[in-house]
Protein chains: 2
Amino acid sequence: MTAEQFPVNRALAIIGGKWRPQLYCTLEGGPKRFLELHRSIPGISRKVLTDQLKELERLGMVERIEFDEAVLHVEYRLTDAAYTLQPAMKGLCAWGEGN
Amino acid sequence: MTAEQFPVNRALAIIGGKWRPQLYCTLEGGPKRFLELHRSIPGISRKVLTDQLKELERLGMVERIEFDEAVLHVEYRLTDAAYTLQPAMKGLCAWGEGN
DNA sequence: TCAAGTAGTTACTTTAAAGTGCGTACTATG
DNA sequence: CATAGTACGCACTTTAAAGTAACTACTTGA
(Lines give C-alpha, C1' and ligand atoms only; values in the text may rest on other atoms or scores of the structure.)
Protein backbone atom coordinates (compact mmCIF):
# COMPACT_ATOMS: atom_id res chain seq x y z
CA MET A 1 0.00 0.00 0.00
CA THR A 2 1.45 3.34 -1.05
CA ALA A 3 1.34 6.39 1.20
CA GLU A 4 -1.54 7.97 -0.75
CA GLN A 5 -3.73 4.89 -0.39
CA PHE A 6 -3.24 4.72 3.34
CA PRO A 7 -6.60 5.51 5.02
CA VAL A 8 -5.29 8.14 7.41
CA ASN A 9 -3.52 9.89 4.54
CA ARG A 10 -6.74 9.93 2.55
CA ALA A 11 -8.34 11.80 5.42
CA LEU A 12 -5.34 14.11 5.82
CA ALA A 13 -5.45 14.95 2.11
CA ILE A 14 -8.77 16.60 2.88
CA ILE A 15 -8.48 18.06 6.37
CA GLY A 16 -4.70 18.48 6.44
CA GLY A 17 -2.68 21.57 5.66
CA LYS A 18 -2.05 24.79 7.48
CA TRP A 19 -5.45 26.45 7.11
CA ARG A 20 -8.06 23.75 6.49
CA PRO A 21 -8.81 22.84 10.11
CA GLN A 22 -9.60 26.47 10.92
CA LEU A 23 -11.59 26.84 7.73
CA TYR A 24 -13.53 23.72 8.61
CA CYS A 25 -14.23 24.83 12.19
CA THR A 26 -15.26 28.30 11.06
CA LEU A 27 -17.72 26.91 8.53
CA GLU A 28 -19.09 24.44 11.05
CA GLY A 29 -20.94 27.35 12.61
CA GLY A 30 -22.85 27.94 9.40
CA PRO A 31 -22.35 29.51 5.96
CA LYS A 32 -19.97 32.44 5.68
CA ARG A 33 -19.01 34.97 3.02
CA PHE A 34 -15.54 35.31 1.59
CA LEU A 35 -14.38 38.35 3.52
CA GLU A 36 -16.13 37.09 6.62
CA LEU A 37 -13.95 33.97 6.43
CA HIS A 38 -10.94 36.13 5.74
CA ARG A 39 -11.60 38.15 8.90
CA SER A 40 -12.36 35.05 10.98
CA ILE A 41 -9.03 33.42 10.15
CA PRO A 42 -6.27 35.86 11.09
CA GLY A 43 -3.16 35.58 8.98
CA ILE A 44 -4.58 33.82 5.95
CA SER A 45 -4.07 35.61 2.64
CA ARG A 46 -6.92 36.12 0.21
CA LYS A 47 -5.01 34.06 -2.37
CA VAL A 48 -4.64 31.07 -0.10
CA LEU A 49 -8.24 31.35 1.06
CA THR A 50 -9.42 31.29 -2.55
CA ASP A 51 -7.15 28.33 -3.32
CA GLN A 52 -8.39 26.34 -0.35
CA LEU A 53 -12.07 27.07 -0.96
CA LYS A 54 -11.74 26.01 -4.59
CA GLU A 55 -9.94 22.82 -3.70
CA LEU A 56 -12.41 21.96 -0.94
CA GLU A 57 -15.25 22.63 -3.39
CA ARG A 58 -13.59 20.29 -5.88
CA LEU A 59 -13.32 17.65 -3.16
CA GLY A 60 -17.02 18.00 -2.38
CA MET A 61 -16.47 19.37 1.12
CA VAL A 62 -17.59 22.95 0.51
CA GLU A 63 -20.42 24.41 -1.51
CA ARG A 64 -20.21 27.85 -3.11
CA ILE A 65 -23.52 29.69 -3.32
CA GLU A 66 -23.80 32.85 -5.39
CA PHE A 67 -26.75 35.11 -4.57
CA ASP A 68 -28.34 37.09 -7.36
CA GLU A 69 -28.04 40.53 -5.87
CA ALA A 70 -26.76 43.85 -7.11
CA VAL A 71 -23.68 43.59 -4.88
CA LEU A 72 -21.66 40.43 -5.46
CA HIS A 73 -22.74 38.10 -2.68
CA VAL A 74 -21.19 34.66 -2.25
CA GLU A 75 -21.51 32.24 0.61
CA TYR A 76 -19.57 29.10 1.42
CA ARG A 77 -20.86 26.24 3.44
CA LEU A 78 -19.93 22.70 4.40
CA THR A 79 -21.59 19.88 2.51
CA ASP A 80 -23.23 16.93 4.25
CA ALA A 81 -20.18 14.87 3.32
CA ALA A 82 -18.01 17.33 5.19
CA TYR A 83 -20.05 16.94 8.35
CA THR A 84 -19.21 13.22 8.43
CA LEU A 85 -15.71 14.39 9.31
CA GLN A 86 -16.87 15.96 12.55
CA PRO A 87 -16.10 13.00 14.86
CA ALA A 88 -12.56 12.68 13.49
CA MET A 89 -12.01 16.44 13.82
CA LYS A 90 -13.26 16.39 17.40
CA GLY A 91 -10.84 13.59 18.22
CA LEU A 92 -7.91 15.55 16.84
CA CYS A 93 -9.08 18.71 18.54
CA ALA A 94 -9.41 17.01 21.91
CA TRP A 95 -5.92 15.57 21.64
CA GLY A 96 -4.48 18.91 20.55
CA GLU A 97 -6.06 20.64 23.53
CA GLY A 98 -4.97 18.01 26.01
CA ASN A 99 -1.38 18.14 24.79
CA MET B 1 -5.35 32.47 17.48
CA THR B 2 -2.64 31.74 14.91
CA ALA B 3 -2.68 28.61 12.81
CA GLU B 4 0.04 26.92 14.89
CA GLN B 5 -1.88 27.40 18.14
CA PHE B 6 -5.04 25.90 16.73
CA PRO B 7 -5.68 22.56 18.51
CA VAL B 8 -6.16 20.46 15.38
CA ASN B 9 -2.95 21.85 13.92
CA ARG B 10 -1.09 20.98 17.10
CA ALA B 11 -2.19 17.38 16.55
CA LEU B 12 -1.38 17.50 12.84
CA ALA B 13 2.11 18.81 13.60
CA ILE B 14 2.72 15.43 15.21
CA ILE B 15 0.74 12.92 13.16
CA GLY B 16 0.67 14.85 9.88
CA GLY B 17 2.96 14.44 6.92
CA LYS B 18 3.36 11.84 4.22
CA TRP B 19 4.86 9.01 6.25
CA ARG B 20 3.97 9.51 9.91
CA PRO B 21 0.58 7.79 9.88
CA GLN B 22 2.12 4.64 8.41
CA LEU B 23 5.03 4.88 10.81
CA TYR B 24 2.64 5.26 13.69
CA CYS B 25 0.46 2.33 12.62
CA THR B 26 3.47 0.11 12.02
CA LEU B 27 4.89 0.84 15.47
CA GLU B 28 1.50 0.31 17.12
CA GLY B 29 2.08 -3.42 16.66
CA GLY B 30 5.16 -3.27 18.87
CA PRO B 31 8.82 -2.20 18.67
CA LYS B 32 10.59 -2.52 15.34
CA ARG B 33 14.14 -2.23 14.08
CA PHE B 34 15.27 0.35 11.54
CA LEU B 35 15.39 -1.87 8.47
CA GLU B 36 12.27 -3.69 9.61
CA LEU B 37 10.43 -0.35 9.48
CA HIS B 38 12.05 0.40 6.16
CA ARG B 39 10.77 -2.86 4.72
CA SER B 40 7.31 -2.41 6.28
CA ILE B 41 6.77 0.99 4.68
CA PRO B 42 7.26 0.58 0.93
CA GLY B 43 8.58 3.66 -0.81
CA ILE B 44 10.11 5.48 2.15
CA SER B 45 13.81 6.29 1.84
CA ARG B 46 16.23 5.57 4.64
CA LYS B 47 16.95 9.29 4.87
CA VAL B 48 13.32 10.26 5.39
CA LEU B 49 12.81 7.37 7.81
CA THR B 50 15.76 8.59 9.88
CA ASP B 51 14.48 12.18 9.75
CA GLN B 52 11.00 11.19 10.88
CA LEU B 53 12.20 8.89 13.65
CA LYS B 54 14.49 11.61 15.00
CA GLU B 55 11.76 14.22 14.93
CA LEU B 56 9.22 11.90 16.54
CA GLU B 57 11.78 11.07 19.22
CA ARG B 58 12.30 14.81 19.82
CA LEU B 59 8.53 15.21 20.14
CA GLY B 60 8.38 12.42 22.71
CA MET B 61 6.34 10.09 20.52
CA VAL B 62 9.00 7.49 19.76
CA GLU B 63 11.71 5.95 21.89
CA ARG B 64 15.02 4.73 20.44
CA ILE B 65 16.54 1.75 22.21
CA GLU B 66 20.07 0.65 21.40
CA PHE B 67 20.98 -2.89 22.40
CA ASP B 68 24.54 -3.64 23.46
CA GLU B 69 25.32 -6.42 21.02
CA ALA B 70 28.12 -7.13 18.64
CA VAL B 71 25.94 -6.32 15.62
CA LEU B 72 24.38 -2.86 15.76
CA HIS B 73 20.85 -3.44 17.06
CA VAL B 74 18.38 -0.59 17.47
CA GLU B 75 14.67 -0.71 18.14
CA TYR B 76 12.05 1.99 17.97
CA ARG B 77 8.81 2.01 19.87
CA LEU B 78 5.91 4.29 20.63
CA THR B 79 5.90 6.04 23.99
CA ASP B 80 2.87 6.05 26.29
CA ALA B 81 2.19 9.62 25.15
CA ALA B 82 1.96 8.38 21.58
CA TYR B 83 -0.66 5.81 22.49
CA THR B 84 -2.98 8.60 23.70
CA LEU B 85 -3.25 9.47 20.00
CA GLN B 86 -4.87 6.15 19.18
CA PRO B 87 -8.52 7.27 19.38
CA ALA B 88 -7.87 10.25 17.10
CA MET B 89 -5.97 8.05 14.64
CA LYS B 90 -8.77 5.50 14.58
CA GLY B 91 -11.26 8.25 13.83
CA LEU B 92 -9.22 9.45 10.87
CA CYS B 93 -8.65 5.92 9.69
CA ALA B 94 -12.35 5.09 9.82
CA TRP B 95 -13.24 8.19 7.83
CA GLY B 96 -10.52 7.50 5.30
CA GLU B 97 -11.75 3.96 4.79
CA GLY B 98 -15.38 4.99 4.49
CA ASN B 99 -14.55 7.62 1.92
C1' DT C 1 38.88 -11.65 1.69
C1' DC C 2 34.67 -10.70 -0.34
C1' DA C 3 29.83 -10.17 -0.14
C1' DA C 4 25.95 -9.03 2.62
C1' DG C 5 23.64 -7.24 6.62
C1' DT C 6 23.41 -3.82 10.61
C1' DA C 7 22.20 1.59 11.09
C1' DG C 8 22.80 5.24 9.64
C1' DT C 9 25.17 10.27 7.29
C1' DT C 10 26.07 13.74 3.72
C1' DA C 11 25.30 16.78 -0.09
C1' DC C 12 22.36 17.99 -3.33
C1' DT C 13 17.86 18.41 -6.01
C1' DT C 14 12.90 18.42 -6.58
C1' DT C 15 8.21 19.43 -5.42
C1' DA C 16 4.24 21.30 -3.21
C1' DA C 17 2.31 24.61 -0.12
C1' DA C 18 2.11 28.97 1.20
C1' DG C 19 3.13 33.95 0.99
C1' DT C 20 3.58 38.72 -1.42
C1' DG C 21 2.03 42.36 -3.91
C1' DC C 22 -0.28 43.89 -7.25
C1' DG C 23 -4.50 44.38 -10.57
C1' DT C 24 -9.62 43.67 -12.07
C1' DA C 25 -14.63 44.59 -12.18
C1' DC C 26 -18.50 45.56 -10.03
C1' DT C 27 -21.77 48.51 -6.64
C1' DA C 28 -22.96 51.57 -2.90
C1' DT C 29 -22.53 55.74 -0.31
C1' DG C 30 -21.30 60.46 0.89
C1' DC D 1 -16.95 61.80 -8.52
C1' DA D 2 -14.09 59.91 -5.15
C1' DT D 3 -13.76 56.37 -1.67
C1' DA D 4 -14.76 52.04 0.19
C1' DG D 5 -16.63 47.42 0.04
C1' DT D 6 -17.78 43.08 -2.58
C1' DA D 7 -15.01 38.82 -4.58
C1' DC D 8 -11.70 37.54 -6.64
C1' DG D 9 -7.18 36.69 -10.47
C1' DC D 10 -2.25 36.72 -11.76
C1' DA D 11 2.76 36.52 -11.54
C1' DC D 12 6.16 35.75 -8.82
C1' DT D 13 9.01 34.32 -4.59
C1' DT D 14 9.85 31.79 -0.42
C1' DT D 15 9.89 27.82 2.52
C1' DA D 16 9.47 23.21 4.13
C1' DA D 17 9.06 18.45 3.08
C1' DA D 18 10.55 14.90 0.62
C1' DG D 19 13.49 12.45 -2.74
C1' DT D 20 18.17 10.84 -4.83
C1' DA D 21 22.46 8.90 -4.79
C1' DA D 22 26.44 8.08 -2.88
C1' DC D 23 29.23 7.25 1.30
C1' DT D 24 30.70 5.62 6.36
C1' DA D 25 31.68 2.07 9.82
C1' DC D 26 30.84 -1.90 11.94
C1' DT D 27 30.18 -7.46 11.95
C1' DT D 28 29.08 -11.94 10.32
C1' DG D 29 29.36 -15.91 7.35
C1' DA D 30 30.96 -18.34 2.91
Side-chain angles (χ1 to χ4, degrees), chain A residues 2-6 8-24 26-27 31-59 61-77, chain B residues 2-6 8-24 26-27 31-59 61-77:
Chain A
T2 69
E4 300 75 39
Q5 296 170 324
F6 205 72
V8 178
N9 289 70
R10 297 230 303 267
L12 290 182
I14 288 173
I15 62 139
K18 183 165 182 178
W19 299 108
R20 285 191 196 174
Q22 277 172 96
L23 201 43
Y24 185 92
T26 305
L27 285 175
K32 300 266 179 306
R33 307 183 61 165
F34 183 80
L35 290 181
E36 207 176 346
L37 284 169
H38 188 245
R39 277 187 295 267
S40 300
I41 304 173
I44 198 172
S45 71
R46 289 193 306 277
K47 185 258 194 184
V48 170
L49 181 54
T50 309
D51 290 353
Q52 295 304 319
L53 286 169
K54 272 187 184 161
E55 181 62 8
L56 287 170
E57 199 190 349
R58 199 185 67 78
L59 292 166
M61 295 293 123
V62 159
E63 205 178 343
R64 182 185 186 275
I65 304 147
E66 194 164 329
F67 292 82
D68 195 16
E69 292 173 15
V71 177
L72 190 48
H73 182 170
V74 177
E75 287 191 359
Y76 295 92
R77 63 146 150 167
Chain B
T2 70
E4 300 76 40
Q5 296 170 325
F6 205 72
V8 178
N9 288 72
R10 298 231 302 266
L12 290 182
I14 288 173
I15 61 140
K18 183 166 183 179
W19 299 109
R20 287 192 196 174
Q22 278 173 96
L23 202 42
Y24 185 91
T26 306
L27 285 175
K32 301 266 178 306
R33 305 182 62 164
F34 182 81
L35 291 180
E36 207 175 347
L37 285 170
H38 188 245
R39 278 187 294 267
S40 301
I41 304 174
I44 197 171
S45 69
R46 290 194 303 279
K47 183 256 196 188
V48 170
L49 181 54
T50 310
D51 290 353
Q52 296 303 320
L53 286 169
K54 272 186 185 165
E55 181 62 8
L56 287 170
E57 199 190 351
R58 200 186 64 80
L59 291 166
M61 295 293 122
V62 160
E63 205 176 345
R64 182 185 186 276
I65 304 147
E66 193 163 331
F67 291 81
D68 195 15
E69 293 174 12
V71 176
L72 191 47
H73 182 169
V74 177
E75 287 191 0
Y76 295 91
R77 63 144 149 171

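Numbered from 1 within each chain, the chains take letters A, B, ... in sequence-line order.
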Which residues satisfy the side chain to side chain contact (heavy atoms under 4.5 Å, CB included) test with [X], sequence neighbours excluded?
X	value
B:R77	B:P31, B:E63, B:I65
A:Q52	A:R20, A:L23, A:V48
B:S40	B:T26
A:R10	none

**Complete:** B/S/- along nucleotides 25-30 of chain D (protein heavy atoms under 4.0 Å) is --SS--
Touch check for [X], heavy atoms < 4.0 angstrom, all strands: base, sugar-phosphate only, or nothing?
X	answer
A:R20	nothing
A:R46	base
A:Q52	sugar-phosphate

**Phosphate OP1/OP2 of D:dG5: any A:R39 side-chain N/O under 4.0 Å** = no
Please report, rounded to the nearest Å, how far the [atom2] atom of [N] is from the [atom1] atom of [X].
X	N	atom1	atom2	result
A:K54	D:dG9	NZ	C1'	7 Å
A:L53	D:dG9	CG	P	10 Å
A:L35	D:dA4	CG	P	15 Å
A:F67	D:dA7	CZ	P	11 Å
B:I41	D:dA18	CD1	P	12 Å

**Request:** Select from A:S45 and B:K47 the residue whose nearest nucleotide in DNA chain C is closer to the 5' end of that strand.
**Result:** B:K47
**Item:** Nearest-nucleotide comparison on DNA chain C, the residue closer to the 5′ end among A:I44 and B:V74
**Value:** B:V74
**Request:** Might you work through the side-chain contact (heavy atoms from CB on, under 4.5 Å) test for A:R46 and A:F34, ending with a clear yes or no?
**Result:** CA-CA 9 Å; A:R46 289 193 306 277; A:F34 183 80; 4.2 Å; yes
**Prompt:** Could you give all pairs that pass the salt bridge (charged side-chain N to carboxylate O under 4.0 Å, His left out) test and reach residues 33-45 of chain A, with sequence neighbours left out?
**Reply:** none
**Request:** Under the ring pair (Phe, Tyr, Trp, His ring centres under 6.0 Å) rule, collect the residues that match up with B:H38, sequence neighbours excluded.
**Result:** none
**Request:** May I ask you to decide if B:K18's main-chain N or O and A:N9's side chain share a donor-acceptor pair within less than 3.5 Å?
**Result:** yes
**Prompt:** What residues form a side chain to side chain donor-acceptor pair (under 3.5 Å) with A:Q22, not counting sequence neighbours?
**Reply:** none
**Request:** Apply side chain to side chain donor-acceptor pair (under 3.5 Å) to A:E55 and list each qualifying residue two or more places apart in sequence or on a separate chain.
**Result:** A:R58
**Prompt:** For DNA chain C, which nucleotides open and close the run of contacts to chain A, 5' to 3', at under 4.0 angstrom from a non-hydrogen atom?
**Reply:** C:dA18 to C:dA28
**Request:** Using the test salt bridge (Lys or Arg N to Asp or Glu O under 4.0 Å), find all partners of A:K47 that sit at least two apart in sequence or belong to another chain.
**Result:** A:D51
**Item:** Nucleotide pairing, DNA chain C (Watson-Crick or G-U, distances under 3.5 Å), in dot-bracket with [ ] and |
**Value:** ||||||||||||||||||||||||||||||
